[in-house]
Amino acid sequence: LDEYGLHVSVLGCYIDPINPNDEVRNTQLTRFKNFISYAKVFGADMIATETGFLSTQEETRSEETYQFLLENLRPLAKEAEDKGVMMAIEMVWIHPMYCPQRMKRLLEDLNSPNVCVIVDMSNLTYPETRNNQCDTMNDCFDLLGDNIRGIHLKDFTFDDENKKSFALAGSGELMTELFFDRMKGLKKMPEIILDETKVTDYAATLEILEDVLTEE
């Protein structure tokens with residue numbers, strides 16, 4: 001990394017911290033704990049994970065599952081503090097951390113200066129929330145504020161049957177201008193990753209974003 005002048009903005013270690021299988025879950029939690037050390041060695045700005053899912057939405061979002069998630073994340077947050085590494089949690093509509101309100105609660109309950117947030121509006125936008133994109137986006141920045149350290153920037157479209165598809169950033173239904181306007185209000189610009197975008201599409205994506213963000 002040093003030889004080629006490369007910087008690791010986010011070291012991904014996406015585990016399922018609520019997996020009901022004790023052996024599988026503990027193996028993944030141990031893996032994440034080890035990756036915290038790797039993040040320190042690599043000089044990564046943060047190490048990131050999502051929060052898993054269970055068989056039904058009701059079970060995934062239950063208070064019991066939330067408390068179980070909290071129990072499993074606390075040792076990881078402590079390890080991140082001890083190693084001087086930021087641990088980032090990414091919200092997803094079908095996971096326990098499905099909205100900024102619950103993410104704010106998790107931040108308060110973990111009460112750790114080394115826990116932060118990755119926002120991916122595509123992961124928060126499903127048919128059920130499609131028409132509330134503006135509210136969801138504003139809630140993310142109003143409630144989570146400077147705890148937002150990472151952005152997964154990708155776009156999406158919905159067809160006539162409400163099926164969501166990936167799109168290059170700036171080319172779909174994402175409220176890109178509002179998204180960037182809200183980011184500018186943070187004390188520090190988050191790390192922005194063109195998530196799921198092929199390397200061969202990077203140049204085209206940047207051109208699209210430049211056109212969108214410079215429109216009068």
Side-chain angles (χ1 to χ4, degrees), residues 1-2 6-54 60-92 95-121 123-124 139-153 182-183 185-193 195:
L1 293 171
D2 289 341
L6 298 175
H7 173 66
V8 180
S9 57
V10 179
L11 179 62
C13 184
Y14 281 66
I15 62 171
D16 182 0
I18 58 170
N19 192 297
N21 184 301
D22 291 345
E23 183 177 358
V24 172
R25 183 183 67 257
N26 289 330
T27 297
Q28 293 192 27
L29 291 171
T30 298
R31 180 171 179 264
F32 191 93
K33 187 175 181 179
N34 290 338
F35 265 58
I36 291 175
S37 296
Y38 304 155
K40 180 68 174 180
V41 173
F42 292 159
D45 291 327
M46 65 195 85
I47 176 173
T49 185
E50 294 172 350
T51 53
F53 58 91
L54 299 173
T60 300
R61 293 183 175 185
S62 70
E63 179 64 21
E64 182 180 1
T65 297
Y66 174 83
Q67 293 298 332
F68 188 53
L69 173 67
L70 185 62
E71 175 187 337
N72 290 319
L73 290 183
R74 276 187 169 132
L76 301 182
K78 179 62 168 58
E79 185 72 11
E81 290 179 25
D82 292 343
K83 293 291 194 301
V85 172
M86 294 301 297
M87 182 175 85
I89 308 296
E90 182 175 353
M91 296 173 286
V92 182
H95 292 180
M97 292 299 104
Y98 62 91
C99 66
Q101 288 80 5
R102 183 165 267 211
M103 187 69 240
K104 179 177 173 62
R105 179 187 176 189
L106 183 68
L107 290 175
E108 292 174 345
D109 286 343
L110 287 173
N111 191 28
S112 170
N114 288 68
V115 177
C116 60
V117 181
I118 289 178
V119 172
D120 184 332
M121 280 302 301
N123 287 351
L124 291 174
D139 284 346
C140 282
F141 288 95
D142 291 342
L143 296 174
L144 305 175
D146 293 309
N147 289 301
I148 300 173
R149 300 291 185 88
I151 299 290
H152 280 177
L153 187 61
R182 293 307 312 259
M183 277 191 274
L186 300 177
K187 291 180 181 178
K188 182 180 179 181
M189 181 63 72
E191 293 287 342
I192 301 175
I193 295 175
D195 190 43

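From a predicted model like this one, the values you see are computed outputs, not experimental measurements.
A 6.0 Å sphere centred on CG of D2 holds no more than 12 heavy atoms belonging to other residues, nucleotides or ligands. With a 6.0 Å radius and a threshold of 12 heavy atoms from other residues, nucleotides or ligands, K33 has its NZ atom at or below the threshold.
Partners of N147 under the side-chain hydrogen bond (donor to acceptor under 3.5 Å, both in side chains) rule, at least two apart in sequence or in another chain, do not exist in this structure. N34 meets the side-chain hydrogen bond (donor to acceptor under 3.5 Å, both in side chains) test with no other residue; sequence neighbours excluded. With sequence neighbours excluded, the residues satisfying ring pair (Phe, Tyr, Trp, His ring centres under 6.0 Å) with F53 are H95. Checked against side-chain hydrogen bond (donor to acceptor under 3.5 Å, both in side chains), T60 has no partners two or more places apart in sequence or in another chain. Y66 pairs by the side-chain hydrogen bond (donor to acceptor under 3.5 Å, both in side chains) definition with D109, not counting sequence neighbours. When the ring pair (Phe, Tyr, Trp, His ring centres under 6.0 Å) test is applied to Y38, the partners found at least two apart in sequence or on another chain are F35.
In this structure, a donor-acceptor pair under 3.5 Å is present between the side chains of Q67 and E63. For D16 and Q28, the side-chain atoms include no donor-acceptor pair closer than 3.5 Å.
In this structure, T51 OG1 and I89 CD1 are separated by 7.5 Å, a value rounded to the nearest 0.5 Å. The OG1 atom of T49 sits 5.5 Å away from atom CZ of F32, with the distance rounded to the nearest 0.5 Å. Between S62 atom OG and L54 atom CG the span is 7.5 Å, to the nearest 0.5 Å. Rounded to the nearest 0.5 angstrom, E90 CD and M103 CE are separated by 10.5 Å.
Judged purely by atom type and a 3.5 angstrom limit, N72 uses its side chain to pair as donor or acceptor with the backbone of F68.
Put simply, the side chain of I148 does not reach to within 4.5 Å of the side chain of M183, judged on heavy atoms. Counting heavy atoms from C-beta on, the side chains of L144 and M91 come closer than 4.5 Å.
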